[in-house]
There are 2 protein chains.
Amino acid sequence: MAEQAETLRRAPLSRDRILRAAVALADAAGIESLSMRNLAQELGVVPMALYKHVANKDELLDAMIDLVVGEIDPPTPGADWKQDLRRRVLSARQALRRHPWAPLAIETRNMATPALLAYLDSVVGTLRAGGFSANLAHHVMHAMGSRILGFSQELFDTARDAGRSGRTTPAPPTAALPPEVAARFPHLAEIATAASHDDASVVGQGCDDQFEFEFALDLLLDGIERLQQQAWTSARRTR
Amino acid sequence: MAEQAETLRRAPLSRDRILRAAVALADAAGIESLSMRNLAQELGVVPMALYKHVANKDELLDAMIDLVVGEIDPPTPGADWKQDLRRRVLSARQALRRHPWAPLAIETRNMATPALLAYLDSVVGTLRAGGFSANLAHHVMHAMGSRILGFSQELFDTARDAGRSGRTTPAPPTAALPPEVAARFPHLAEIATAASHDDASVVGQGCDDQFEFEFALDLLLDGIERLQQQAWTSARRTR
DNA sequence: ACCTGAACACCGTTCAAGT
DNA sequence: ACCTGAACACCGTTCAAGT
């Protein structure tokens, strides 16, 4: 039956099977475990067999990113721009949380992958339909930056460590600080326990990532809404 | 004189000399060229000699990051919080622009490096001195995220490619798009030429990164100022 | 024609042998 | 005691030999 398992594992290789195995491997073991050799072994195949279906590792990564980006909710044509944008960004965040390796992979690649461009294009479409000038839409896309993809872009992102080797979390400054650190960085120590949930039971548990993400997102969306209502434009700015 | 050059290159190795050479190498050739072997060769030294001064490559990267973070302007004690924070974030941005490898290095490391913690602590100090509650300061730090370090965190960051192998820029969607791409992504094509500088001469030159960064930064700072004036707090939020 | 093992040019780091 | 070459366990990818 070891033989049979071998046979099953050697089922016809395809680009799709490779991509799904690659995503699963990166999800489970971290992106640093995703080598062509490891992936081939996972598929019960000799490393060079992969190169029949993907040009090289870079192309593999691009395709993996497109799979993840494809998980983001599509736009709702008739909806209010602000509500629709908020919903899709939160959907993007959920997609990326399912694949903690994706943010770094996206940043590392130079990426103008098709799915990513399609997503960005649809976001601009939502803004334009919502009455944004092309000029303001341009700056809004810049201002949202990677947050449009649901990157929390926190300085200490605990989520990114998920699926890594099961070591203890790297103590973000917003969780309880060890006393000698707290003494050297009193301001960090002070805000560490001043999280949104003043609930004593949660203190020291770290931050509510979802709340913090929505806080920043709404800060941006509210400011953007204000600019749109003022028909803000950079066209006449002095340089 | 080749001998003399050799001798000069073999001048006493020190941790400081290693760090400065490492930063220079990463600045000039990109972070992917910074291998222990390359660095050793640059210093005219056998690879293993480095390990007398740095524990391993991770520790080297941490120390390099601290050098860069150390270039950020110190706070001005008496100043207005908003003006001071803005100035320091822009200073951080300049520091990181001098070292295009630093953002990715910082994100890759789990980093609670001393200089970084000191910088973050001083930023919180500025907020607290400006009358922010610990609660609001906490959320503000999250909302600013890596922008506090001057990361533009654009989706297509042309700056990050600086110092890479001199290939042509990867065509961000906001520069002039090739016609077949423009056809598939009409909304991106539309905003690409709707940059802040409606100056026809600049169209197709890409974006004014500095303007876009300040646009997003001010959007955040203005929103944050508004919350502070309302004495906003998350303490009583419903969960 | 297709597949694949060996090989190449790299890594970071360990370790034992040499001074 | 210090330094360092060789070696180990990895990479991605090329290429030629085998079927």
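To find a chain, count down the sequence lines: A is the first, B the second, and so on, and within it residues start at 1. Note that these values count all heavy atoms, side chains included, but never hydrogens, waters or copies made by symmetry.
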Regarding Asn38(B), tell me which of base, sugar-phosphate or nothing describes its non-hydrogen contacts under 4.0 Å with the strands shown. sugar-phosphate
In Watson-Crick or G-U wobble terms, with both distances under 3.5 Å, the base opposite dA17(C) is none
Spacing between Leu39(B) atom CG and dC11(C) atom P, to the nearest angstrom: 11 Å
Nearest whole angstrom, please: distance from the P of dT4(C) to the NE2 of His53(A). 11 Å
Grab the CG-C1' distance between Leu50(A) and dG5(C) for me, whole Å please. 15 Å
Side chains of Thr113(B) and Asp66(B): is there a donor and an acceptor less than 3.5 Å apart? yes
Just by distance, with hydrogens left out, do Asn38(A) and Ser33(A) show a side-chain donor and acceptor under 3.5 Å apart? no
To the nearest Å, give me how far apart CE (Met36(A)) and P (dA9(C)) are. 21 Å
dC2(C) C1' sits how many Å from Leu13(A) CG, rounded? 14 Å
Does the distance from a Lys or Arg side-chain N to an Asp or Glu carboxylate O, for Arg98(A) and Asp27(A), drop under 4.0 Å? no
Rounded to whole Å, please give me the gap between CG in Leu61(A) and P in dC11(D). 14 Å
In whole Å, I'd like the distance from the CG atom of Asp58(B) to the C1' atom of dG12(C). 10 Å
Arg88(B) and Asp84(B) ion-paired at < 4.0 Å: no
Separation of Leu60(A) CG from Leu39(A) CG (nearest 0.5 Å): 6.5 Å
I want to verify a distance call: between dT4(D), dG12(D), dT13(C), whose nearest atom is closest to the Lys57(B) side chain? dT13(C)
Pairing check on dC8(D): which nucleotide meets the Watson-Crick or G-U wobble criteria with it, both distances under 3.5 Å? dG12(C)
Please compare Arg37(A) and Lys52(A) by the position of their nearest nucleotide in DNA chain C and report the one closer to 5'. Lys52(A)
Could you check whether Met48(B) gets within reach of a base, just the sugar-phosphate, or nothing at all, counting any heavy atom under 4.0 Å? base
Give the rounded distance in Å between these two atoms: CD of Gln41(B) and P of dC10(C). 10 Å
